[in-house]
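All residue numbers refer to positions in the sequence shown, counting from 1.
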Amino acid sequence: ERGISTHAYRIWDQPVEVTKVLTEALECAVLLENNVKAFAQAELTYGLGRKKENLILLKWGPGVGSAIIAQGSIYDSKTHKSAEIGHVRVEKDGKLCRCGRRGCLETRVASHPIASHLRQVCSAETTPLLWSAVDGEPERITVHNLDILTALEDPGMWAALEEDITVLANVVGGILTMLVPDQMILYGN
């Protein structure tokens, strides 16, 4: 509401007056919004939201985000923290999440944890194609080459990825069962 971003995941940790900076630089009005809710608004204005009343948007990448469009409007709470699929708890004593809780979905299936998981399982014996692709250096597995590496048909790598995909699918499946949207939109980076 005040145009201040208090935290931009992996960009800044201190409050930044984004609206003020952009308004001055662009010389036009600027509205600051959560990226997934902005995508939901774009769907309502230009996309499927013009034809469908109930949509779920799921964003995957460095984080796991979501938005709900119900009866043609973006579902929102008074605290502006709604549809936080990335913070559904999936492990009792899981890794510490940036939200301060442990075991959130994001700590298992966002791009950085997946890259870390692949580094852990990468070996000449269990993931020979992956091992070869990174020249025997698992630390070369990063979020920047996940798209290339996941194109490999390495059964050991895919067994590890299937664990993470199953966790994400179970949470998404539960949400789809509960909300029964007209359609789900997936996007990511």
| request: Establish whether Val88 and Leu186 are linked, either directly or via other cluster members, by ILVMFWY side-chain heavy-atom contacts under 4.5 Å. | output: yes

CD of Glu162: more than 12 outside heavy atoms within 6.0 angstrom? no

Check your understanding: Any donor and acceptor pair, going by atom type alone, linking the side chain of Thr107 with main-chain N or O of Cys104 inside 3.5 Å?
Key -> yes

Short side-chain to backbone donor-acceptor contact, Ser132 and Pro128, under 3.5 Å: no

Cluster question for you: counting only ILVMFWY and a side-chain heavy-atom cut-off of under 4.5 Å, with indirect links fine, are Ile175 and Val36 together? no

Between Ala38 and Glu33 the two heavy atoms that sit nearest each other are N-CG, 4.0 Å

Closest non-hydrogen contact found for Val180 with Thr177 is CG2-O, 3.4 Å

Problem set entry | Val30-Val16 co-clustered via ILVMFWY side chain contacts under 4.5 Å | yes

Between Ala110 and Pro62 the two heavy atoms that sit nearest each other are CB-O, 3.4 Å

The reported gap from CG in Asn54 to CD in Gln183 (rounded to nearest 0.5 angstrom) is 11.5 Å

Q: Return yes if some donor-acceptor pair links the side-chain N/O of Thr126 with the main-chain N/O of Val121 below 3.5 Å, else return no.
A: yes

CD of Glu53 to CG of Leu48, rounded to nearest 0.5 Å, is 13.5 Å

message = Does any part of the side chain of Met184, heavy atoms only, come nearer than 4.5 Å to the side chain of Val172, both counted from C-beta?
response = yes

ask   = Near Glu17 CD, under 6.0 Å, is it more than 12 heavy atoms from other residues, nucleotides or ligands?
value = no

Is it possible for you to say whether Val64 and Leu96 belong to one hydrophobic cluster, with membership spreading through side-chain heavy-atom contacts below 4.5 Å? no

In terms of heavy-atom contacts, Trp131 and Cys122 come closest through CE3-SG, 3.7 Å

To the nearest 0.5 Å, atom CD1 of Ile114 lies from atom CZ of Arg108 at 9.0 Å

- Message: Quick check: is Val18 connected to Val21 through a chain of hydrophobic side chains (ILVMFWY, heavy atoms under 4.5 Å apart)?
- Response: no

Contacts satisfying ring pair (Phe, Tyr, Trp, His ring centres under 6.0 Å) that involve residues 156-189 (not counting sequence neighbours) are Phe39-Tyr187

Beyond-backbone contact of Leu129 with Met157, side-chain heavy atoms, under 4.5 angstrom:
no

On a heavy-atom basis, the closest approach of Pro181 and Ile56 is CG-CG1, 3.5 Å

Query raised in the report: Got a donor-acceptor contact below 3.5 angstrom from the Asp182 side chain to the Leu55 backbone?
Result: no

### Task
State plainly whether the residues Arg98 and Glu106 are in salt-bridge range, i.e. N to O under 4.0 Å.
yes

For Glu137, does its backbone N or O pair with a side-chain atom of Asp135 as donor and acceptor, under 3.5 Å? no

To the nearest 0.5 Å, atom CG of Leu118 lies from atom OG1 of Thr127 at 8.0 Å

Is a donor on one side and an acceptor on the other found under 3.5 Å between the side chain of Asn145 and the backbone of Thr142?
yes

When rounded to the nearest 0.5 Å, the distance separating CG of Leu22 from CD of Glu27 is 12.5 Å

Next on the checklist: Tell me if the CD atom of Gln14 is crowded by more than 12 foreign heavy atoms within 6.0 Å.
Outcome noted: no

Practice task
Report yes or no: does Arg119 contribute a side-chain atom to a donor-acceptor pair with the main-chain N or O of Pro138 at less than 3.5 Å?
Solution key: no

query = Would you say Ile141 and Leu130 make side-chain contact, with heavy atoms under 4.5 Å?
reply = yes

Exercise for review: Report yes if some heavy atom in the side chain of Val167 is under 4.5 Å from a heavy atom in the side chain of Asp164; otherwise report no.
Suggested key: no

Task: Expected output: side-chain Arg102 to main-chain Lys92 donor-acceptor under 3.5 Å - done: no

To the nearest 0.5 Å, atom CG of Leu161 lies from atom OG1 of Thr150 at 7.0 Å

Residues at least two apart in sequence or cross-chain that pass side chain to side chain contact (heavy atoms under 4.5 Å, CB included) with Leu44, listed by chain then number, are Gln41, Ile69, Ile74

Closest non-hydrogen contact found for Pro15 with Ile4 is CB-CG2, 3.9 Å

Do any N or O atoms from the side chain of Ser116 and from the backbone of His112 form a donor-acceptor pair under 3.5 angstrom? no

